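Just so it is clear, the model here is predicted, and its values are computed rather than measured.
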Number of protein chains: 2
Amino acid sequence: MDIWKKFEENNITHSAAHHLLAILELKEKRGYARVTDVARELNITTGSASINLKSLKGKNLIIEDENKFLALSEEGEAVARAVLMRKNILYNFLANILKVKPEQAEIDSCKTEHLISAETAKKLQEFMEKYEKAA
Amino acid sequence: MDIWKKFEENNITHSAAHHLLAILELKEKRGYARVTDVARELNITTGSASINLKSLKGKNLIIEDENKFLALSEEGEAVARAVLMRKNILYNFLANILKVKPEQAEIDSCKTEHLISAETAKKLQEFMEKYEKAA
DNA sequence: GGAAAGTGTTATGTATGTCAAACGGATGTT
DNA sequence: AACATCCGTTTGACATACATAACACTTTCC
């Protein structure tokens, strides 16, 4: 699965990762994503979002149509999905196995989702599969 | 144990955490730590180290004597040890249980050491104790 | 048709963290 | 005494990531 690798190649910041995730979520939830929607989702001003998104456009992670509607490029979607996958693995481990409180598990997995390596993410998931089968 | 708490109170950056850790390590390894030593340890210029350390002095995490030799304040040492403890727990989990390669476990634990909550750190350690006893 | 609301960009400012380069003080060497 | 080296600070520049505020351009509503 080379979705694991996409992440390693793109060294993405926490902020950038969340901009991509916001677009992914907005598109799935409502079908579209504009600068304002992303800003609202991330709780930042439209000014900040505009600037941040411009830089992601420059990196070809985001595409904009004639009406300023945003979408993830193929590359951007791969990166976003890789981050999302990591977050879910981390969250499940923290909440279900370590029994960390849901809100704290959410915070911790969110802070680290973009930082753990492909190797760690993969091995953590394998560990959880084995662990849950054994239990 | 309130060493767990010290960290939560001080919301420390990755950079700041490593400056404190560098001083802790240098003092233990060689008995002293100066701006230059910290810079060398962290692979940054003395200019950067000088500025960064000044801000940590302002937060009373670092003390400087008449000869510009640096030491951690009581508070600074508590923070540094809390971070170190988290890093060790993470490293051990990654390397010994997940079997992540040592170099990668080092990188991943280093990136996340200052981000995980006290709750997660504590529960991860408890989990490891149980897990290793069972094995 | 005009005011109001919504949308996006740009300008300016803050904070962190980095660098290179210049400078001043102390120390060491010849 | 003079030159060289080491040490720490300061300065100016850059990148990221945020905020406010001002501005232009739609769209919507009366």
Would you kindly confirm whether L94(B) and F127(A) end up in one hydrophobic cluster when ILVMFWY residues are joined by side chain heavy atoms under 4.5 Å apart?
yes
Side chains of N60(A) and S73(A): do they bring a donor and an acceptor to under 3.5 Å?
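No, no side-chain donor-acceptor contact under 3.5 Å.
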Identify whether the distance between the nearest side-chain nitrogen and carboxylate oxygen of K101(A) and E106(A) falls below 4.0 Å.
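No, K101(A) and E106(A) are not salt-bridged.
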Could you check whether K27(B) pairs with E41(B) (Lys NZ or Arg NE/NH1/NH2 to Asp/Glu carboxylate O, under 4.0 Å)?
no
From NE2 of H114(B) over to C1' of dG17(C), roughly how many Å is that when rounded to an integer?
13 Å
Within residues 13-26 of chain B or reaching into it, pairs that qualify as salt bridge (Lys or Arg N to Asp or Glu O under 4.0 Å) - sequence neighbours excluded
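Only E25(B)-K29(B) qualify under salt bridge (Lys or Arg N to Asp or Glu O under 4.0 Å).
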Take nucleotides 6-24 of chain D nucleotide by nucleotide from the 5' end and write B, S or -, depending on whether a protein heavy atom sits under 4.0 Å from the base, only from the sugar-phosphate, or from neither.
-SSBB------SSBB----
